[in-house]
Amino acid sequence: MELVAAVQGRRSIRRFKSQDVPKNIITEILEVARWSPSWGNTQPWDLYVLTGKTLAKFKEMNLKKTLAGTTSASDVPMPTDWPDAMKARYGALGKVVLSAQGIKRDDKEARDKYYQTMVSAFDAPCLIFACISRDNLVEYQMLDIGLIAQTICLAAHDKGLGTCLLASTARYCDEIRKIAAIPEDKKIVVGIALGYPDSAFPLNNFERDRMKLTEFVHWME
Ligand SMILES: Cc1cc2nc3c(=O)[nH]c(=O)nc-3n(C[C@H](O)[C@H](O)[C@H](O)COP(=O)(O)O)c2cc1C
């Protein structure tokens, strides 16, 4: 796939087909991703690829904790507030995600149901947790994780697969560590759902919004 088409065509996929992704395909995606740049080529990442029974255990745990209203215990603090402009974009996304599914804002039951699919990784057959070292954590490692995460998403898209980066899967990190045998010294940053997209699902098709260049590019000539 042509690079620009891949960058512009990748989008978050929020419903997957039940079809499993063969291990060799996941491996091919990760083979591409390992060429991602990092600070001083430190490659500070570890990736934990959950499928099958391990993934089922994770989904059960994340849903159970969510339904019980358990307070998030993420390794990376979840943002609670944003500057106004970002808050507006976040709010706009929330609205379009509901309206694309025909869910009314006041329909709490339908909203909760959707939220439950999200914490279940949108039923993806594969979930990759991107981790960094807990000790000697420097902020640049977070940038490096972002770079490899984007490369995974693009390489998956290139193969006709879909992804969704999901902070909502990285909320109960001590439990995840137990389920996926992630060592204590690893910090779980984000989960990446991976699978074959259900292209007919409206939430995989709504029109997305981005700032214009004039809103965030500052030319200093
Ligand atoms: C760090 C990070 C965490 C995210 N967590 C979630 C999430 O928990 N649930 C969700 O539906 N989307 C999540 N997303 C996806 C974003 O909402 C999405 O990337 C953004 O709306 C842009 O849309 P696009 O990916 O379709 O271009 C996350 C994205 C990032 C980068």
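Whatever order the structure lists ligands and atoms in, that order sets their numbers, starting from 1.
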Peer 1: What is the nearest protein non-hydrogen atom to atom 23 (O) of ligand 1, stated with its residue, atom name and distance?
Peer 2: R210 NH1, 4.0 Å
Peer 1: Taking the six-membered ring of F129 as reference, does the NZ or CZ atom of R177 fall below 6.0 Å from its centre and within a 45° cone about the axis?
Peer 2: no
Peer 1: Determine whether more than 12 heavy atoms belonging to other residues, nucleotides or ligands lie under 6.0 Å from atom NZ of K159.
Peer 2: yes
Peer 1: Near W82 CH2, under 6.0 Å, is it more than 12 heavy atoms from other residues, nucleotides or ligands?
Peer 2: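 Yes, CH2 of W82 has more than 12 neighbouring heavy atoms, counting only those of other groups under 6.0 Å.
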Peer 1: Between ligand 1 and A167, is the shortest N or O to N or O distance under 3.5 Å?
Peer 2: yes
Peer 1: What protein heavy atom sits nearest atom 1 (C) of ligand 1, and how far away is it?
Peer 2: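 Going atom by atom, the protein heavy atom closest to atom 1 (C) of ligand 1 ends up being V190 CG2, 4.2 Å.
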Peer 1: What protein heavy atom is closest to atom 8 (O) of ligand 1, reported as residue, atom name and distance in Å?
Peer 2: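 The protein heavy atom lying closest is S168 OG, 2.8 Å.
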Peer 1: Please state which part of Q150 comes within less than 4.0 Å of ligand 1, counting heavy atoms only: side chain, backbone, both or neither.
Peer 2: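 Q150 to ligand 1: no contact under 4.0 Å from either part.
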Peer 1: One pair to check against side chain to side chain contact (heavy atoms under 4.5 Å, CB included): I148 and L47. What are the steps and the verdict?
Peer 2: CA-CA 10 Å; I148 196 167; L47 302 174; 4.2 Å; yes
Peer 1: Any non-hydrogen side-chain atom of V49 less than 4.5 Å from a side-chain atom of L30?
Peer 2: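 They are in side-chain contact.
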Peer 1: For ligand 1 and S12, I'd like to know whether there is a polar contact (N/O to N/O, distance under 3.5 Å).
Peer 2: yes
Peer 1: Measure the spacing between CD of E109 and CG of D107 and express it to the nearest 0.5 Å.
Peer 2: 6.5 Å
Peer 1: Looking only at non-hydrogen atoms, which of R14, R171, R89 approaches atom 16 (C) of ligand 1 most closely?
Peer 2: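 Heavy atom nearest to atom 16 (C) of ligand 1 belongs to R14.
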Peer 1: Of all the atoms in ligand 1, which lie at a distance below 4.0 Å from a heavy atom belonging to L93?
Peer 2: 17 (O), 21 (O)
Peer 1: Taking atom 7 (C) of ligand 1 as the point of reference, which of D209, L203, L166 owns the nearest heavy atom?
Peer 2: L166
Peer 1: Within the structure, does L165 bring an N/O atom to less than 3.5 angstrom of an N/O atom in ligand 1?
Peer 2: yes
Peer 1: Can you name the atoms of ligand 1, numbered from 1 with element, that are less than 4.0 Å from a heavy atom of M118?
Peer 2: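 Those atoms are 9 (N), 10 (C), 11 (O).
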Peer 1: If you measure from the Lys or Arg side-chain nitrogens to the Asp or Glu carboxylate oxygens, is any gap between K57 and E60 under 4.0 Å?
Peer 2: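 Salt bridge: no.
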Peer 1: Need the ligand 1 atom indices (1-based, order shown) with element for anything under 4.0 Å from a heavy-atom of R11.
Peer 2: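 Contacts of ligand 1 toward R11, numbered from 1: 26 (O).
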Peer 1: Kindly compute the distance separating CD1 (I132) from CD (E139), expressed to the nearest 0.5 Å.
Peer 2: 10.0 Å
Peer 1: Rounded at 0.5 Å granularity, tell me how far NZ in K65 sits from CG in L67.
Peer 2: 12.0 Å
Peer 1: Taking both backbone and side-chain atoms of R208, is any N or O found less than 3.5 Å from an N or O belonging to ligand 1?
Peer 2: yes
Peer 1: For atom 20 (C) of ligand 1, is there a protein heavy atom at a distance under 4.0 Å?
Peer 2: no
